Amino acid sequence: MTYKIKFVDPGKNYQMIQTEIDAAYREVMEKGDLILRGQLKRFEENLAAFVGTKYAVGLNSGYDALHISMIIAGIKPGDEVIVPAHTFLATASAVVNAGGTPVLVDVARDYNIDVSRIEEKITSRTKAIIPVHLNGRPADMEKIMALAKKHKLLVVEDACQSLGASFQGKRVGSFGLTGCWSFYPFKILGGYGDGGAITTNDPEAARKASLLRYNGEDRETGEYHYHGFTCLLDNLQAAFLEVKLRHLSRWIERRRAIAAQYLAGLSGIPGLILPHFADPRMEEVFQNYVIRTSRRDALFEHLKAAGVETLIHWLKPYYAHRALGMEGQRFPETELISREVISLPMNVEIGDEEVDYVIESVRSFFKLKAESSKLKNSLKKNT
Ligand SMILES: Cc1ncc(COP(=O)(O)O)c(C=O)c1O
């Protein structure tokens with residue numbers, strides 16, 4: 001189906017920066033710089049500077065960043081790692097694939113891990129916490145870092161959805177042992193395919209990640225140090241991401257402006273919850289603009305008919321998928337979220353008029369519903 005307003009529009013985004021992307025492509029192709037070359041190094045340096053860490057290591061995906069972080073953290077069979085119940089499956093899969101056990105904690109109304117529920121899940125086997133900064137909003141790093149210190153736990157940040165967000169003036173992805181990033185095309189900094197990275201201030205973590213991503217091999221000596229993987233960030237993707245990183249601060253401002261436009265246009269609709277949770281400690285980047293209503297499925301259909309593409313993250317909590325063997329646990333907020341949330345188009349490709357069109361489409365849904373229930377009431381009165 002062709003949508004009038006797409007959820008994201010990578011083709012249009014390319015047109016916005018075509019000259020720079022084409023120049024980056026030509027540089028890589030003409031030099032034949034394909035694996036572990038200058039473009040990757042340059043991107044890593046600039047990413048680290050953006051996040052405020054000493055190092056960044058480019059990887060193939062956000063999943064790889066999480067998995068390698070679990071290995072660096074020394075997670076082994078029997079170790080427990082605290083993760084939110086409401087996140088993308090990759091957060092938990094990284095723990096499982098490193099041999100550990102994810103221990104789930106429900107989220108709060110702002111969709112991030114409920115910090116008041118973490119301590120009750122800590123046991124003598126707990127080794128780490130993975131806070132997820134979901135939808136572009138930081139988790140409460142003040143409480144999480146204090147708990148980690150108290151219980152001597154490592155913190156690995158799943159920052160895949162929050163590049164550029166800050167907590168108490170410090171960028172997310174710079175608090176824990178590592179920050180994990182995804183450059184999947186729909187992300188704030190999206191490549192033209194898969195991509196990811198870790199950021200860290202720990203030289204040993206950076207060294208280990210650099211070795212693990214390339215079969216454990218030290219490329220200078222040829223020595224194998226670990227049984228590793230092949231999960232590098234391609235040089236070509238790094239060159240493209242480097243171009244986009246130059247635009248990122250401006251693009252984040254644009255996302256904040258769109259969020260403000262949605263807030264102004266959608267405030268005060270009974271039964272509709274908007275993603276604005278005042279907390280002066282946080283600066284958000286609005287990776288997703290998630291709205292919430294008990295009439296979610298009908299709203300989804302209404303917007304689809306109006307030509308507005310929306311996404312639902314996620315229709316079913318990951319732990320409820322039978323094949324994963326994690327069912328039998330209940331997380332009320334996560335379950336309610338899976339029934340109520342819907343994400344509106346949020347990207348730097350859309351203009352103010354298109355955002356207004358989305359607002360009008362959402363408003364018309366609620367007006368129709370209000371009128372039909374008014375009609376029902378008057379019919380009831382008349383019978
Ligand atoms: C919160 C979160 N964690 C991890 C990932 C995994 O990233 P990737 O798709 O690059 O492997 C994603 C990507 O959707 C994500 O949103």
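Order of listing sets the numbers, starting from 1, for every ligand and every atom in it. Remember, it's a predicted structure, so these values are computed and weren't measured experimentally.
In terms of N/O distances under 3.5 Å, ligand 1 is approached by Lys187. Taking distance alone, with nitrogen or oxygen atoms compared against 3.5 Å, Tyr63 approaches ligand 1 more closely than that limit. Ligand 1 has a nitrogen or oxygen under 3.5 angstrom from a nitrogen or oxygen of Gly62.
Counting heavy atoms under 4.0 Å from ligand 1, residue Cys160 touches it through the side chain alone. By the criterion of a heavy-atom distance under 4.0 Å, the side chain of Leu66, and not its backbone, is placed next to ligand 1.
Here the protein heavy atom with the shortest distance to atom 16 (O) of ligand 1 is Gln161 NE2, 2.9 Å. Among all protein heavy atoms, the one lying closest to atom 12 (C) of ligand 1 is Phe88 CD2, 3.5 Å. Looking only at protein heavy atoms, the nearest one to atom 9 (O) of ligand 1 is Ser182 OG, 4.0 Å.
Ion pairing of Glu204 with Lys208 is absent here, as no side-chain N (NZ or NE/NH1/NH2) approaches a carboxylate O to less than 4.0 Å.
Close approach to Ser61 involves these atoms of ligand 1, each under 4.0 Å from a residue heavy atom: 10 (O), 11 (O).
Screening Leu311, Asp110, Asn135 for a side chain to side chain contact (heavy atoms under 4.5 Å, CB included) involving Val290 leaves a single residue, Asn135.
Looking at Tyr14 and Asp22, their side chains do bring a donor and an acceptor atom within 3.5 Å of each other. A side-chain N or O of Asp158 and one of Thr91 form a donor-acceptor pair less than 3.5 Å apart. At a cut-off of 3.5 Å, with distance as the only test, a side-chain donor of His247 or Glu20 sits close to an acceptor on the other residue.
Environment of CZ in Phe300: crowded, with over 12 heavy atoms of neighbouring residues, nucleotides or ligands closer than 6.0 Å.
When the options Asp158, Ile130, Asn60 are ranked by their closest heavy atom to atom 1 (C) of ligand 1, first place goes to Asp158.
Residue Val132 places a heavy atom less than 4.0 Å from ligand 1.
Tyr111 does not carry Arg137 over the face of its six-membered ring by the limits of under 6.0 Å from the centre and within 45° of the normal.
Using bins of under 30°, 30° to 60° and over 60° for the plane-to-plane angle, the ring pair His313/Phe7 lands in the tilted bin.
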